[in-house]
Amino acid sequence: MTYRIAVIPGDGIGPETVAVAVEVMGAAGVEFEDVRFDIGADRFARDGHVLDNKDVLRLRECDAILKGPIGPAITDRTIPSGTVERGIILRLRTELDLYVSVRPFVGASSNFVVIRENSEGAYAGEGGFLRRGTSAEVATQGSVNTRLGVERCIRHAFAVAASRPRRVLALVHKKNVLTYAGDLWQRTFDEISPEFPDVSTEYYHVDAACIHLVEDAARFDVIVTDNLFGDILTDLAGAVTGGVGFAGTANLNPERAFPSMFEPVHGSAHDIVGTDRVNPSSQLLSTAMMLEFLGEIEAGATIRKALTVTIDAGTAPNRIGPEVLDLLRSTAVL
Ligand code: IPM
Ligand code: MN
């Protein structure tokens with residue numbers, strides 16, 4: 001089977017990490033058509049376009065999307081904050097209905113996965129200004145939680161938990177303060193729980209979950225949480241399990257009505273472009289997740305194994321170049 005893979009190199013270090021991913025995917029024996037997309041802050045700076053309808057239509061024709069990090073340099077003041085984030089990343093997550101974000105973390109003694117609601121919450125874009133720029137200015141930014149959105153995310157999380165050896169699912173929220181949204185999340189969680197009798201359940205407030213992640217991440221198996229908590233928790237989770245450079249993401253439409261999108265957890269890191277500090281591991285893990293989602297279990301495992309072997313060999317793949325690729329190939333799994 002030849003897959004149509006939408007390849008978005010993105011900005012900053014993206015073209016470097018994506019080039020490694022594409023090369024390694026080929027080396028792992030996957031047959032694919034590399035459908036290129038020029039999407040990101042660089043393109044916006046060039047022609048003022050974030051994402052055209054044409055881009056979305058072309059993306060929809062692909063089997064999966066392999067995306068590099070997208071975003072301007074933090075020092076770049078020419079692109080208004082949020083332009084590419086909302087105009088590209090969030091638009092794709094909502095328009096392709098990629099309603100769960102799956103972020104697995106494997107540390108020295110921990111092994112857990114965060115299921116983040118990926119289409120609503122504080123990311124929904126609800127809110128606005130009143131009297132902007134005056135001393136009486138008001139800015140609101142609401143969190144939108146629909147029964148449908150919460151339920152489908154929680155059900156997916158239960159299914160993930162049921163497939164793992166420990167089978168423990170923790171709901172993380174702040175229901176002691178966010179009493180409306182928290183109530184909806186907890187009620188929905190409790191209602192779905194009986195469908196998965198083998199999965200035991202827990203609840204943590206998000207602040208307490210942060211302490212546990214730092215002090216004892218091994219207690220977690222699967223975490224399910226809302227969009228903004230999930231964003232923050234997954235950066236923390238990355239930091240305590242070896243760095244976000246080692247964490248991949250699957251943005252899934254589990255029903256496969258649209259292509260799912262696979263991207264690194266980290267950003268575009270313009271400050272290290274072209275240096276030996278660029279680490280393609282997160283991009284490679286996302287690629288492995290993509291292949292596994294497509295049913296290419298063996299190719300996914302090959303990439304994971306090659307990465308593990310590379311890291312175990314003491315050569316953390318923190319530089320992109322012939323050395324890493326040679327090492328990946330010489331592991332005998334490629
Ligand atoms: C992530 C990123 C994005 C998010 C940004 C770039 C819009 O931080 O994937 O975690 O906030 O979801
Ligand atoms: Mn983030």
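In this text, all values refer to a predicted model and were calculated from it rather than measured experimentally. Whatever order the structure lists ligands and atoms in, that order sets their numbers, starting from 1.
- In terms of modelled atom types and a separation under 3.5 Å, the side chain of Glu16 and the main chain of Val278 share no donor-acceptor contact.
- Among the candidates Thr225, Asn227, Asp226, the single residue satisfying the side chain to side chain donor-acceptor pair (under 3.5 Å) test with Arg116 is Asn227.
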Requested in this report: Assess whether ring pair (Phe, Tyr, Trp, His ring centres under 6.0 Å) is satisfied between Phe189 and Tyr203, documenting all intermediate values.
Outcome: CA-CA 10 Å; Phe189 188 81; Tyr203 171 84; 8.3 Å; no
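- Taking the ring axis of Phe112 as reference, the NZ or CZ atom of Arg219 does not stay both within 45° of it and closer than 6.0 Å to the ring centre.
- Near the Mn ion (ligand 2), less than 2.8 Å away, sit the protein N, O or S atoms Asp231 OD1.
- If you check the side chains of Ser143 and Asn145, you find a donor sitting under 3.5 Å from an acceptor.
- In this structure, Gln283 and Ala21 approach most closely via the heavy-atom pair CG-CB, 3.8 Å.
- Separation of atoms CG (Leu285) and CZ (Phe262) is listed at 13.0 Å; rounding is to 0.5 Å.
- Residue Arg36 qualifies as enclosed at atom CZ: its count of foreign heavy atoms under 6.0 Å is above 12.
- A heavy-atom distance below 4.5 Å is not found between the side chains of Arg152 and Glu255.
- For ligand 1, residues of the protein lying within 4.0 angstrom by heavy-atom distance are Glu85, Ile89, Arg93, Arg103, Arg116, Tyr123, Asp231.
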